[in-house]
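Letters A, B, ... are given to chains in the order of the sequence lines, protein chains preceding strands, and every chain is numbered from 1. Keep in mind that the numbers below use all heavy atoms, side chains included, and drop hydrogens, waters and symmetry copies.
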Amino acid sequence: MAAPVSTVGKPSAERLPLNTTSFQKKTRTKLISIPGTRPSVQNGQLLVSTGVTSLDYLLGGGLAVGTVLLVEEDRYDSYSRMILKYFLAEGVVCRHELFVASAQDNPDDILQELPAPILDDVAIHKPVEQPRLSCEPQDSLDAMKIAWRYQNLPKVQSALASSSRFGHYYDVSKTMEPEIRQAAKCHRFYLTEHPTQSPPTHSTMLESYSALLKSLQEVINSEGFDVAAPMSKSRNILRIGLPSLGSALWGDDLSCHDNPRNGHALATFFYGLRAMLRSSLAVAVVTVPSHLIQDRALMGNITRLCDNAIALESFKGSERETNPLYKDYHGLLHVRQVPHLNCLASKLPDHKDLAFKLKRKQFTIERFEDGL
Amino acid sequence: MLTELLQGSDAGGFIIIRDSASCSGRHLLKSFINAALNREEDVHVLGFEVSEEELKGSPVQRLHFHNAYSDPLGWTDKPTFTVHQFCMEELARLLKQTSHPKPATLVIDSLSWILRHVSPPAVCATLHQLRKGGAVRAIVALLHGDMHQRGTVGSVCHLASSVITVAPGMKGGDAVAKITKRSKSGKVVQDEDIFTINNDLTVVIQSKHSQVGHKQADPEEQEMDPTAHLTFNLRLSNKEREAKEKLALPFVFSKEKKTALLHSSPGSGRILYEPDANDDYDQEDPDDDLDV
């Protein structure tokens, strides 16, 4: 049976601009197209980038919309905070909305420390000038000795406005320009600004966590991130960053006592958070100081309640710092949990021993080669 | 790094001196008080564990000792300072009593006493508010690391900008201080100092990095220059280098030819292509040549 040949769209008569073709893909898909997202090749879920391309690869292409990534902090909270900043910076570059809630640092301070994205120059086609005899040819030709034929071609462009790439790179030594940052809408929740009311007697959740969940619910409903909301305007993704959840400043004694009094408050919070995220176009990255939590059963509970969970173990301050085996890396990364969304089994990463290194322009996660 | 911390150069710091039963950190705490007084700063001391005479022999004008030693839990009718007064409102009122324009340094002796009677999250919240509020310039606290659970010690030290862990040293009068300092940018620096404290409460650093230095010297000695003892010459003299750069390589065009090729390209010959029906030939479709 002959299948109909889909004809290539006829090119228009006028001269086409340099970079686009006239080929138009027929969009019959039911997937909503939101900038900065792409469907997963494995199960068709809508994915967003975490900002760290190696981490995207580990998680199976990216972070699925509606899920939670738990990052267990390293001892001094340096690398987990870096991952959170990458996540928020990616949100700014992709024009998503941000929600930052913190008990220790002011969310504005966290937002001011986002790393600067690395963008190539926008195409500037140099006009062909009359070749002056001595100076001009020398200047332009000394630039490229071998590839001199490409001298006058414009450089590859990828301006911020049309960032259709999935996953960007960031320069850690520079902070993001205020103009780029202010273009993104950001919601803040600073715990010290919310006075704690007296808690109801039989509540398994602390009032700080309840206040946070209420604030999240308001933002999701009012800004239209709910999946059930009518699709009148264009949809966007909400990126939620929660640094150091479960620390003593949230009023939780989970990290202070071996037998915490309200040990299930944090687990209840994660349960509520995941339920809320499943019905909205939002992604959350939460960091928890797990090295302070002594009750491993509770930590296991919390890990199971999140979809993705990784743990960072930095070499700083431990005896491994001087070990020559580990000199190329900054720490080890353990994958505690991979999600199984709408499927029975999930794709586990191939290698169990992974190490990370924070370079200036990239956060690399590699398989740890122990040289044996 | 111990001397830098003693000089108190950065404001807004929260220093914890973590000691244990084997080595007391109170002498180091007294050195910190002394250093702050020498800098003409006001010092407020919340004394739970030792009395005023023991901490500072003769009264000094800028040192305000809040006596929590005699009645810390408020069992008598008129307690001077109780452990339950360790909250932001009471402390702010206490600190405003002095009329010094500059913010003061708060010294807590010891934080362990407070942690035994007030819940750790509340203590952490108060310390956090103290730091952010700007009521004090710096906080120095003594913490007995072996008196609490690991999570409690970890949570409180997590809030601190610098943690000094004192341990007994090799010789009798020495002590070893392991310092971990976290800067605002998230960078963590670690250091180890061996120190003694004189009678006038000045700190003398004996030696730094005594053990680490030996290890670093050995690998450096083994690296030799591999080009040192060769029988052939790997270096170029200046004349040879000039001759090398003047050499015209076979497939490299001269500058004139390059310019000619580059600048003549736009406008010289354009290929105009209008695809017609014959170009829609799809090689994968076997039925394309059917005349249906």
Side-chain angles (χ1 to χ4, degrees), chain A residues 1-3 5-8 10-11 13 73 75-79 81-82 103-106 109 113 128-131 136-138 140-142 145-146 148-149 151-152 191-192 206 244 247-261 289 291-295 314 316-317 321-322, chain B residues 115 119-125 127-129 131-133 148-159 178 180 182 184-190 212 215-216 219 251-253 255-256 258-267 272-275 279-282 284-288 290 292:
Chain A
M1 193 160 64
V5 176
S6 56
T7 55
V8 177
K10 295 228 177 346
E73 290 175 9
R75 184 171 297 277
Y76 301 110
D77 192 21
S78 15
Y79 299 107
R81 185 59 66 96
M82 204 61 235
Q104 185 165 5
D105 303 317
N106 199 334
D109 293 340
E113 292 167 6
V128 178
E129 294 165 357
Q130 293 296 327
E136 215 274 303
Q138 267 178 5
S140 60
L141 290 175
D142 276 338
K145 209 166 171 189
I146 297 176
W148 51 271
R149 287 180 206 267
Q151 196 72 37
N152 286 345
L191 188 67
T192 49
L206 294 173
S244 289
S247 68
L249 287 171
W250 285 93
D252 198 353
D253 63 346
L254 182 65
S255 51
C256 301
H257 294 143
D258 288 351
N259 296 315
R261 198 179 40 171
H291 56 99
L292 297 173
I293 297 176
Q294 306 298 319
D295 191 342
S314 103
K316 188 104 200 168
E321 199 177 358
T322 47
Chain B
L115 281 169
S119 75
V123 175
C124 289
L127 288 169
H128 180 63
Q129 282 167 347
R131 276 189 81 187
K132 296 285 174 190
H148 307 282
Q149 293 171 350
R150 271 177 53 188
T152 311
V153 174
S155 299
V156 176
C157 290
H158 199 68
L159 286 177
K178 290 202 183 87
T180 308
R182 289 163 68 178
K184 284 200 185 66
S185 59
K187 211 170 150 210
V188 177
V189 181
Q190 289 187 320
V212 184
K215 282 190 203 143
Q216 276 177 353
F251 293 103
V252 170
F253 293 148
K255 285 191 180 134
E256 294 78 21
K258 276 186 199 174
T259 329
L261 279 172
L262 275 177
H263 287 293
S264 66
S265 46
L272 297 166
Y273 174 63
E274 292 287 346
D279 292 315
D280 277 344
Y281 179 57
D282 185 1
E284 294 187 2
D285 192 334
D287 300 325
D288 202 45
L290 285 178
V292 179

* B:Ser119 portion near chain A, given a 4.5 angstrom heavy-atom threshold -> neither

* Engaged part of B:Lys178 at the chain A interface, taking heavy atoms whose separation is under 4.5 Å -> neither

* **Which portion of A:Ser255 sits near chain B, non-hydrogen atoms under 4.5 angstrom** => both

* **For A:Gln294, all residues meeting side-chain contact (heavy atoms from CB on, under 4.5 Å), sequence neighbours excluded** => A:Asp258, B:Arg150

* Over all atoms of both residues, closest heavy-atom pair of A:Leu249 and B:His128 -> CD2-CB, 3.5 Å

* Tell me, for A:Asp109 versus chain B, whether the close heavy atoms (under 4.5 Å) come from the side chain, the backbone, both or neither. => neither

* To the nearest 0.5 Å, tell me how far B:Cys124 SG sits from A:Asp253 CG. => 11.0 Å

* Just how far is it from atom CD of A:Gln104 to atom CZ of B:Arg131, taken to the nearest 0.5 Å? -> 7.5 Å

* Asked: How long is the span from the SG atom in A:Cys256 to the CG atom in B:Leu115, to the nearest 0.5 Å?
  -> 8.5 Å

* Asked: How far does CD of B:Gln149 sit from CG of A:Leu292, to the nearest 0.5 angstrom?
  -> 12.5 Å

* Structure fact -> For B:Ser155, the side chain to side chain donor-acceptor pair (under 3.5 Å) test, sequence neighbours excluded, returns none

* To do: Could you please spell out the steps behind the side chain to side chain contact (heavy atoms under 4.5 Å, CB included) verdict for B:Lys132 and A:Asp105?
  => CA-CA 9 Å; B:Lys132 296 285 174 190; A:Asp105 303 317; 4.2 Å; yes

* For A:Arg261, is it the side chain, the backbone, both, or neither that has a heavy atom closer than 4.5 Å to a heavy atom of chain B? -> neither

* Structure fact -> Tested for side-chain contact (heavy atoms from CB on, under 4.5 Å) against A:Tyr76, the lone hit among B:Lys187, B:Gln190, B:His158 is B:Gln190

* **chain B interface, residue from A:His257, A:Glu113, A:Met82, A:Arg75 that has the most non-hydrogen pairs under 4.5 Å** => A:His257

